J.: 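This is the structure I have questions about; it appears just below.
Start at 1 and go down the list; that is how both ligands and their atoms are numbered. What you are looking at is a predicted structure, and each value in this text was computed from that prediction instead of being measured.
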Amino acid sequence: MRPDAGTTVPAEGSHPCVVLCLNVGSSSLKAAVRDPHLRLHVDVAGLDGTTARVTTTGPHGPAEEEPLPGGWTGALDGVAQALEQHGLWPAVVAHRIVHGSAALRGARHADERLLDQLRRESARDPLHLPRQLSVVEAARIRWSDADQVLVPDSGFHGTLPGEAVTLPVPPEARAAGLRRWGFHGLAVQSVVDLLPGLGAAVVVHLGSGCSVTAVQHGLSRHTTMSLSPAGGVPSLTRSGDLDPEVVLQLVDLHGGSLAAVRDLLNRRSGVAGLSGGTTDVRELLADGGAAADLALRVFVRDVAMAVAGAVTTLEGWDAVVFTGGIGVHSEEIRERVCAALLPLRGGARGLWGSPSQRLVATGVRVLTVPVDEEAVMDRLTRQALSRHARAGAADPAAVQR
Ligand SMILES: Nc1ncnc2c1ncn2[C@@H]1O[C@H](COP(=O)(O)OP(=O)(O)O)[C@@H](O)[C@H]1O
Ligand SMILES: CC(=O)OP(=O)(O)O
Ligand SMILES: [Mg+2]
């Protein structure tokens, strides 16, 4: 029997029923159980072909880290094993869905109609959506009693003003749904949740996917990713924004094959396209060769330019917040981005200290925030389920923000 959603009730013998959040990124799987305090966090990194490692953190014990064989299948098996070891059984599985669509503006049940629509549109985001949908399928089989809830990564950008979502193309193209959705919304929401006094800030999310978001009063004002997560600033394997003619010429070069060009723009471009395939920023920083150096200079330049552009959408500039694996762990990349921003602050160049210290001296806080997207997923899922329960909804698919 399925337990009441949003509550912790006994089920499967002595196993408490909980919300399991699954955050499938382009290079990682993060899984967490909270109710609302942390019970278990499983972080599988390096699923993009580098060596996968799993770090498991329980409520009391220290994090345990070990290598993980078996790629994505092994990652989900690892999560299931960790749940069992901790005596947990999901009543609800919440899935992060990286997809922009009017059909998924807030957390909602994964009904067949919605899943079909996402399957039809999954080519739009080859690095996330096919895998996320296959994880939904695997979770439905593995935890067949559990509700499956989809949580969009774009939801936070629902407050973008009209001029930020509208693309300068003719009406028929806009009517066909071409617009900015924005992504990494769960990450930016996590920053807003963790730092209530943030003020006017630019959030620089540098993970496998990279984006820059302007936030004012806790709301999204601008974000660089657009219709898909391949847009905006370059990511590790995605091109980011390009002159439209570049895309058209690529289609021509590939004999009109959209699939080939989509693959090139999503899997072989960005930092990897310039570095000869390397995506690990640590390796590129240590490399010292011309290709690695150029890849880093293009990356830092585009990110810094996006931060400067994002500031123009704010009524001031109180903070710049670095998040994502690179943003949190690479001081060198943070300092290079901050160095490029110094001309925006009068007199900053004449000050003493590192670029970030000099920005701080001019009144811009420079922060590093390890985001907790799974905590945001957990909250949004519980809110959606309790709204649904309150409404006594006849239609379970009506769980929409
Ligand atoms: N110390 C570090 N220095 C530079 N890059 C790092 C460091 N640690 C992790 N990374 C990079 O962070 C990226 C993963 O970021 P993360 O936000 O966790 O993943 P995802 O984008 O899949 O959600 C990987 O490219 C990894 O190489
Ligand atoms: C939207 C996106 O690029 O997500 P991630 O960085 O987790 O791959
Ligand atoms: Mg991520």
J.: How many angstroms lie between OG in Ser356 and CZ in Phe322, if you round to the nearest 0.5 Å?
T.: 8.5 Å
J.: Got the closest protein heavy atom to atom 5 (P) of ligand 2, with its distance?
T.: His128 NE2, 3.5 Å
J.: For the residue pair Leu29 and Trp72, establish whether any side-chain heavy-atom pair is separated by less than 4.5 Å.
T.: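 In contact.
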J.: Looking at Trp143, is Arg140 sitting on its ring face, NZ or CZ under 6.0 Å from the six-membered ring centre and within 45 degrees of the normal?
T.: no
J.: Should we count CZ of Arg301 as having more than 12 external heavy atoms under 6.0 Å?
T.: no
J.: List the steps, then state whether side chain to side chain contact (heavy atoms under 4.5 Å, CB included) holds for Asp153 with His99.
T.: CA-CA 7 Å; Asp153 200 28; His99 178 262; over 6 Å; no
J.: Would you say Arg96 contacts ligand 2, with heavy atoms under 4.0 Å as the rule?
T.: yes
J.: Run the salt-bridge test on Arg142 and Glu84 with the 4.0 Å N-O cut-off and return the result as yes or no.
T.: no
J.: Hey, is Arg238 touching ligand 2 through its side chain, its backbone, both or neither, going by heavy atoms under 4.0 Å?
T.: side chain
J.: Of all the heavy-atom pairs spanning Glu374 and Ala32, show the shortest one and how long it is.
T.: CB-CB, 3.6 Å
J.: Identify which of Arg96, Glu373, Glu332, Arg282 has a heavy atom lying nearest to atom 27 (O) of ligand 1.
T.: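 Looking at heavy atoms only, the winner is Arg282.
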J.: Just distances here: any N/O of Val281 and N/O of ligand 1 closer than 3.5 Å?
T.: no
J.: For Val98, counting its heavy atoms only, list the atoms of ligand 2 lying under 4.0 Å from any of them.
T.: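 What qualifies from ligand 2 is 1 (C).
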J.: I want to check something: taking the side chain as every heavy atom from C-beta on, are Val135 and Leu22 in contact at a cut-off of under 4.5 Å?
T.: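 Val135 reaches Leu22 side chain to side chain.
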J.: Is there a side-chain contact between Arg96 and Glu373, using heavy atoms and a 4.5 Å cut-off?
T.: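 A side-chain contact exists here, since the closest heavy-atom pair is under 4.5 Å.
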J.: State, yes or no, whether a side-chain contact exists between Val42 and Lys30 at a heavy-atom distance under 4.5 Å.
T.: no
J.: Got the closest protein heavy atom to atom 17 (O) of ligand 1, with its distance?
T.: Gly325 N, 3.0 Å
J.: Taking the side chain as C-beta and beyond, is there a heavy-atom pair between Val93 and Pro90 under 4.5 Å?
T.: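 A side-chain contact exists here, since the closest heavy-atom pair is under 4.5 Å.
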J.: Who gets closest to atom 1 (N) of ligand 1 by heavy atom: His329, His205, Lys30, His184?
T.: His329
J.: Which atoms of ligand 1 are found less than 4.0 Å from any heavy atom of Ser26?
T.: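 The list of qualifying atoms is 22 (O).
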J.: Is any side-chain heavy atom of Val203 closer than 4.5 Å to a side-chain heavy atom of Val212?
T.: no
J.: Is the closest N or O pair between Ser26 and ligand 2 shorter than 3.5 Å?
T.: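 Indeed, backbone or side chain, Ser26 has an N or O that close.
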J.: Suppose I only count heavy atoms of Phe183 and a 4.0 Å limit; which atoms of ligand 2 are within that range?
T.: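 So the atoms of ligand 2 that pass are 1 (C).
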J.: List every atom of ligand 1 that sits less than 4.0 Å from any heavy atom of Ile326, numbering the atoms from 1 in the order shown and giving each element.
T.: 5 (N), 11 (C), 12 (O)
J.: Hey, is ligand 2 close enough to Gly207 that some N/O pair sits below 3.5 Å?
T.: no
J.: Decide whether an N or O pair under 3.5 Å exists between Ser27 and ligand 1.
T.: yes
J.: Would you mind running through ligand 1 and noting each atom that sits below 4.0 Å from a heavy atom of Gly324?
T.: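 In order of number, 17 (O).
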J.: Evaluating non-hydrogen atoms only, which member of Gly207, Gly25, Ser28 is closest to atom 20 (P) of ligand 1?
T.: Ser28
J.: Could you check atom 6 (O) of ligand 2 against the protein and tell me its nearest heavy-atom contact, residue, atom and distance included?
T.: His184 NE2, 2.9 Å
J.: Among protein heavy atoms, which sits nearest to atom 21 (O) of ligand 1, and what does the distance come to when rounded to 0.1 Å?
T.: Ser208 N, 2.8 Å
J.: Given side chains that start at C-beta, do those of Ser220 and Thr213 come closer than 4.5 Å, heavy atoms only?
T.: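 Heavy-atom side-chain distance check passes, below 4.5 Å.
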J.: Relative to the heavy atoms of Met225, which atoms of ligand 2 are at a distance of less than 4.0 Å?
T.: 3 (O)
J.: Of the side chain and backbone of Leu236, name the one, both, or neither that has a heavy atom under 4.0 Å from an atom of ligand 1.
T.: side chain
J.: Report the part of Asp153 in contact with ligand 2, treating N, CA, C, O as backbone and CB onward as side chain, heavy atoms under 4.0 Å; options are side chain, backbone, both, neither.
T.: side chain
J.: Below the 3.5 angstrom mark, is there an N/O of Asp280, backbone or side chain, next to an N/O of ligand 1?
T.: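 Asp280 vs ligand 1: no N/O contact under 3.5 Å.
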